[in-house]
Amino acid sequence: MLKKILLTLVIFALVITSAFSAPLRFVFGDLGQHPEILMGFAPSYLLSGVGYRGFELREGDVSEIQLLLGFGYNQRKVWQDKYTGKVIDEDPIVYDVLQTDLVLRFVQGFGTSPVAGKDLVSLTLSYEGKLEANVDSMVKGKLRKNNNTSEIKSLNSYLESSNYQGSIYPDLKGDHMMLANMVNFQAKLDMMDDKMTKSDGFVAKADIKWAPGALNHILSGEADFYSLTLNAVGAKTIFEYAENGSDLFTITLVDRANVNWTDGSKVPVFAQGPVSLGRKVRGFNTWTYNTQFSAVNNFDIRFAGPNLGVKGIFPRANLFFDVGYGCGKYFNTQYDGSNFLMSTGVQVTVSFFDFIDLGYQVSYLFSGNKFTDGEKRVVGNFTFFLDF
């Protein structure tokens, strides 16, 4: 069954990509997976769309309008007391979300990158709309291990009310429906030559996201926050063995630095996950160690190749070392926190076109705990993506 799903995804990506010719092109946004559906190996959420390049505001530079639609079903697992906001390390609130997204972007390039076919600088202004229905977990009533073993309850049972007021989880307020509206600005410097089995160069992005309260209380769920992120990645291929122009084996060093500040009177769960320190340091849980400020460095030694029959599908092994620090107030509380996380480990995966990496990861945690595994130092989990 899993092989059929993966083959279908590969064929779908190839057909869609070839179907769009200039001035239209296929634009991939994001994939998500639910851990209760084939252990997270089958995508349960897809964000994708088209880009239109039928006009040019600056000669030789890309001007593009993008429209992306997303739809899917995901699980969320949150680790703060719903009333006080104090961190809990067992019996988290576990629920599912039916998610629909609309993204409208305008992209304008400037200058010529040292990498052929790329603009040196790209500026992007976008609108993001999100409609979410937060519902009971699909495994409600079953036992699951989240540090201890407990029964998965209904969302109202976790919140101890059918009319939760949402002080800590503002998108779970009332009937748990959220209609979010956000604007985003991104500036990107791109000198990265990424050929999947090897990468060389540097890429940096600065992102500003704003969800004003005036536009985010239409349904019962609410949001009022902003998020500032700086992400920089450098890569160098230090060994390459190729035959007939095709890489059979490569070794690449990759390092990423990520700094984020997120704040607001109502930071919803969907905004907390991507910026949480536990999400960005490998071996830990998303929605853990989630304070206003976080700074992370991820270092990889990647071993890749050869292609497995279809160009773009290849095995990859990553030795990694991550370190991260977070501080400030925990979201939607007055509690201050300071956390230092450090981990190392190995990921063994099969990469599909360098944006899906199916495999397994084993991590050793030097500092901090993976909440689902208590105080274990060696933890493992299945992987779906490389984070950078």
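Side-chain atoms are counted along with the backbone in the values below, which use heavy atoms only and exclude waters and symmetry mates.
- Val62 shares a hydrophobic cluster with no other residue; no ILVMFWY side chain has heavy atoms under 4.5 Å from its own.
- Aromatic pair Phe26/Phe28: ring centres not closer than 6.0 Å.
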Check the pair Thr291 / Leu277 against side-chain contact (heavy atoms from CB on, under 4.5 Å), numbers first and verdict last. CA-CA 8 Å; Thr291 52; Leu277 188 62; 5.9 Å; no
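- With no hydrogens or angles considered, no side-chain donor-acceptor pair links Thr383 and Asp357 at under 3.5 Å.
- Take Tyr127 and apply the side-chain hydrogen bond (donor to acceptor under 3.5 Å, both in side chains) test, not counting sequence neighbours, and it matches Asn181.
- Residues satisfying the side-chain hydrogen bond (donor to acceptor under 3.5 Å, both in side chains) criterion with Ser294, sequence neighbours excluded, are Lys280.
- Under the 3.5 Å distance criterion, with hydrogens and angles disregarded, a donor-acceptor pair is assigned to the side chains of Asp263 and Gln292.
- Between the side chains of Asp322 and Asn297, no donor-acceptor pair is found at a separation under 3.5 Å.
- Through direct or relayed side-chain contacts under 4.5 Å between Ile, Leu, Val, Met, Phe, Trp and Tyr, Val107 connects to no other residue.
- For Thr372 and Asn146, the side-chain atoms include no donor-acceptor pair closer than 3.5 Å.
- In this structure, OG in Ser167 is found 11.5 Å from CD in Glu222, a value given to the nearest 0.5 Å.
- Under the 6.0 Å distance and 45° angle rule, Arg282 counts as a cation-pi partner of Phe320.
- Using a 3.5 Å distance cut-off with no hydrogens or angles, the side chains of Asp119 and Ser122 do not pair a donor with an acceptor.
- Distance CG/Asn148 to CG/Asp91: 4.5 Å, rounded to 0.5 Å.
- Shown here are the side-chain contact (heavy atoms from CB on, under 4.5 Å) partners of Asn244, two or more places apart in sequence or in another chain: there are none.
- Outside the 6.0 Å centre-distance limit, the rings of Trp210 and Tyr226 are not counted as a close aromatic pair.
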Listing, residues 247-254 side-chain donor-acceptor contacts under 3.5 Å, not counting sequence neighbours, or none:
from, atom 1, to, atom 2, distance (Å)
Asp247, OD2, Thr197, OG1, 3.0
Thr250, OG1, Thr197, O, 2.4
Thr252, OG1, Thr237, OG1, 3.3

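- Applying the ring-ring contact (aromatic ring centres under 6.0 Å, His included) criterion to Tyr73, with sequence neighbours excluded, gives His34.
- Closest approach of Ser44 and Asn74 over heavy atoms only: OG-OD1, 3.3 Å.
- A salt bridge does not link Glu90 to Lys145: none of the charged nitrogens lies less than 4.0 Å from a carboxylate oxygen.
- Cation-pi contact between Lys329 and Tyr335: absent, since separation from the ring centre below 6.0 Å together with deviation from the ring axis within 45° is not met.
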Stepwise, does the ring pair (Phe, Tyr, Trp, His ring centres under 6.0 Å) test hold for Phe382 with Tyr360? CA-CA 4 Å; Phe382 293 104; Tyr360 196 75; 5.2 Å; yes
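- Lys376 pairs by the salt bridge (Lys or Arg N to Asp or Glu O under 4.0 Å) definition with nothing, not counting sequence neighbours.
- Residues Val27, Tyr45, Leu47, Leu68 make up the rest of the hydrophobic cluster containing Val103, defined by ILVMFWY side-chain heavy atoms closer than 4.5 Å, directly or through other members.
- Annotation: ring-ring contact (aromatic ring centres under 6.0 Å, His included) contacts of Tyr83 (sequence neighbours excluded): none.
- Clustering of Ile, Leu, Val, Met, Phe, Trp and Tyr side chains at separations under 4.5 Å places Leu219 together with Leu131, Met177, Leu179, Ile218.
- Here Asp190 pairs with Lys118, Lys188, Met192, Val203 under the side-chain contact (heavy atoms from CB on, under 4.5 Å) rule; sequence neighbours left out.
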